[in-house]
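Only heavy atoms go into these numbers, but all of them, side chains included; no hydrogens, no water, no symmetry mates.
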Amino acid sequence: MASRLLLKTLSKRHRISSTPFPFLSKSSGSRSASTLVLAEHEGGSIKAQSLSAVVAASSIGENNSVSMLLAGSGSSLLKAAESAATCHPSLSQVLVADSDKFEYPLAEPWSKLVQLVQQQGGYSHVIATSGSFGKNILPRAAALLDISPVTDVVEIIGSHQFVRPIYAGNALCTVRYTGASPCMLTVRSTSFPVPPVSGDLKSDRAPISQVDLSTLDEDSIGKSRYIKLLSEDTERPDLGSAHIVVTGGRALKSAENFKLIEKLAEKLGAAVGATRAAVDAGFVPNELQVGQTGKIVAPELYLAFGVSGAIQHLAGMKDSKVIVAVNKDADAPIFQVADYGLVGDLFEVIPDLLEKLPEKK
């Protein structure tokens with residue numbers, strides 16, 4: 001059958017090893033470095049993307065002091081602070097801003113908070129991840145501090161030297177920051193994987209401190225307001241941190257047909273992704289978009305069905321460990337980056353896979 005090669009590839013997925021923790025080069029000139037990490041939390045836990053920002057901060061310098069900033073209100077914030085205190089060995093302090101003003105991660109109050117904490121702490125670096133949280137807050141905070149941020153960093157060479165992608169990820173550019181302190185960065189979470197948490201961290205707990213909000217300038221707070229949060233109730237893993245991602249393109253033709261991708265993802269315990277064309281056509285919501293203007297993913301296994309492989313899409317997934325592509329067009333650009341390719345009709349291949357793959361345990 002046409003899907004036999006693909007089944008053979010999928011059977012190897014449990015033998016794909018996790019990427020080891022990258023010991024990046026340190027800068028000998030960063031002895032007095034101190035870094036503030038802007039962290040996002042939900043349900044009393046620190047999001048995995050924010051832990052990647054801590055990993056990035058720990059690579060800035062050997063004597064770098066890393067502080068994590070959390071904001072919110074109520075018991076969820078306190079629980080998140082307790083979780084943060086033991087999340088990484090390089091973390092030296094957890095700062096907590098407890099106020100109803102930070103109940104939701106809006107850019108205006110958060111950027112004023114970053115400005116206040118920077119004035120109080122005098123940090124050399126401020127780091128956030130390149131997700132919607134970091135992209136929303138850090139540029140506004142940089143404007144308040146009159147700083148030009150360095151965005152989408154994929155490697156830290158030294159305290160002020162970084163690597164970032166350009167030309168839709170087709171080239172990597174090494175840049176040196178020469179502006180005033182703090183050096184403000186957004187980093188790709190997929191480029192700074194989080195190592196497994198050791199049980200010894202429970203005894204190595206970072207101190208938790210409250211941020212003094214008495215001098216917080218509230219003049220610009222309130223120009224936007226939180227309306228509601230829409231989220232899909234699903235047991236599938238988060239797209240940004242999933243080990244397996246199954247992505248569908250415009251070739252699926254309709255939202256009804258896209259359910260084939262969802263069924264395959266459920267059977268594999270995978271996250272669902274989509275191309276911009278599929279999102280623009282209304283097949284799936286835009287939070288599932290993978291690409292330059294969507295989410296950047298780097299799973300252990302990436303399955304692309306009916307994905308042509310436009311440059312903008314490749315920029316969001318080409319760092320995946322193993323890429324498998326299924327497309328009717330033998331000349332589709334996706335085959336140039338795929339480790340395994342199958343020229344075939346996805347409407348025949350996916351049902352065949354669903355029939356032959358074992359049920360998820």
Side-chain angles (χ1 to χ4, degrees), residues 3 6 42 47 49 104-105 107 130-136 168-169 189-190 224-242 244-299 301-318 320 323-329 331-335 337-338 342-354:
S3 60
L6 185 56
E42 184 178 30
K47 289 197 172 182
Q49 295 91 327
Y104 306 109
S130 294
S132 58
F133 174 79
K135 289 179 179 179
N136 187 35
S189 59
T190 55
S224 64
R225 60 190 179 91
Y226 175 87
I227 298 177
K228 63 180 177 179
L229 172 66
L230 296 176
S231 60
E232 186 179 359
D233 186 15
T234 177
E235 295 181 357
R236 289 194 298 266
D238 178 69
L239 177 59
S241 58
I244 304 174
V245 173
V246 183
T247 293
R250 181 165 42 192
L252 284 151
K253 300 180 181 179
S254 69
E256 184 65 26
N257 290 338
F258 207 93
K259 291 180 180 178
L260 286 171
I261 297 293
E262 296 173 354
K263 290 178 181 178
L264 182 59
E266 289 175 4
K267 207 157 192 180
L268 293 172
V272 172
T275 63
R276 179 170 180 173
V279 169
D280 289 347
F283 299 169
V284 290
N286 58 12
E287 62 261 27
L288 298 184
Q289 182 182 329
V290 174
Q292 185 181 16
T293 55
K295 291 187 177 180
I296 308 296
V297 300
L301 178 61
Y302 188 88
L303 302 170
F305 292 90
V307 175
S308 63
I311 290 177
Q312 292 81 1
H313 182 75
L314 297 183
M317 47 66 69
K318 67 179 183 179
S320 304
I323 300 172
V324 179
V326 176
N327 200 299
K328 289 178 66 176
D329 182 6
D331 297 322
I334 189 68
F335 288 127
V337 299
L342 177 63
V343 179
D345 188 340
L346 63 87
F347 293 108
E348 297 177 0
V349 174
I350 295 180
D352 198 20
L353 285 172
L354 289 173

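- Using a 4.5 Å heavy-atom cutoff, the side chains of I350 and I261 are in contact.
- The salt bridge (Lys or Arg N to Asp or Glu O under 4.0 Å) check on D345 picks up nothing, with sequence neighbours excluded.
- Residues passing the side-chain contact (heavy atoms from CB on, under 4.5 Å) test with P105, sequence neighbours excluded: W110, F133.
- For K47, the salt bridge (Lys or Arg N to Asp or Glu O under 4.0 Å) partners two or more places apart in sequence, or in a different chain, are E40, E42.
- Separating the CG atom in L354 from the CD atom in E266 is a distance of 10.0 Å, to the nearest 0.5 Å.
- Considering only residues two or more places apart in sequence or on other chains, I296 meets the side-chain contact (heavy atoms from CB on, under 4.5 Å) condition with R188, T190.
- Distance CG/D331 to OG/S308: 12.5 Å, rounded to 0.5 Å.
- For the residue pair S320 and I323, the shortest heavy atom distance occurs at CB-CG1, 3.8 Å.
- Two residues are said to be in side-chain contact when any heavy atoms from C-beta on lie closer than 4.5 Å; L264 and F305 meet this criterion.
- Every residue meeting the side-chain hydrogen bond (donor to acceptor under 3.5 Å, both in side chains) condition with Q289, not counting sequence neighbours, appears here in chain and number order: T293.
- Annotation: side chain of L346 is not in contact with side chain of N327 (no heavy-atom distance under 4.5 Å).
- Under the side-chain hydrogen bond (donor to acceptor under 3.5 Å, both in side chains) criterion, K259 pairs with E256, sequence neighbours left out.
- The CZ atom of F283 sits 8.5 Å away from atom CZ of F258, with the distance rounded to the nearest 0.5 Å.
- Every residue was checked against the ring-ring contact (aromatic ring centres under 6.0 Å, His included) condition with F347, not counting sequence neighbours, and none meets it.
- G309 and P333 make their closest contact through O-CB, 3.4 Å (heavy atoms, listed as atom of the first residue, atom of the second, distance).
- Residues Q49 and D238 meet the side-chain proximity criterion, which asks for heavy atoms closer than 4.5 Å.
- Between V272 and L239 there is no side-chain heavy-atom pair separated by less than 4.5 Å.
- Taking both residues in full, the closest heavy atoms of A271 and P237 are given as CB-O, 3.5 Å, listed atom of the first, atom of the second, then distance.
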>> Under the criterion side chain to side chain contact (heavy atoms under 4.5 Å, CB included), I'd like the reasoning laid out for T275 against D280: C-alpha separation, chi angles, the key distance, then a yes or no.
In response: CA-CA 9 Å; T275 63; D280 289 347; over 6 Å; no

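- Residues satisfying the side-chain contact (heavy atoms from CB on, under 4.5 Å) test with A315, not counting sequence neighbours, are Q292.
- Residue pairs meeting the side-chain hydrogen bond (donor to acceptor under 3.5 Å, both in side chains) criterion with at least one partner in residues 245-255, sequence neighbours excluded, are T247-Y302, S254-N257.
- Between M317 and V245, the closest side-chain pair of non-hydrogen atoms is not below 4.5 Å.
- Partners of I311 by side-chain contact (heavy atoms from CB on, under 4.5 Å), not counting sequence neighbours, listed by chain and number: A168, N170.
- Summarising the geometry, atom OG belonging to S241 is positioned 8.5 Å from atom NZ belonging to K295; distances are rounded to the nearest 0.5 Å.
- Closest heavy-atom contact between G248 and A278: O-CB, 4.0 Å.
- Looking at every heavy atom in both residues, L288 comes nearest to V284 through CD1-CB, 3.9 Å.
- In terms of heavy atoms, A274 sits closest to H313 at O-CE1, 4.3 Å.
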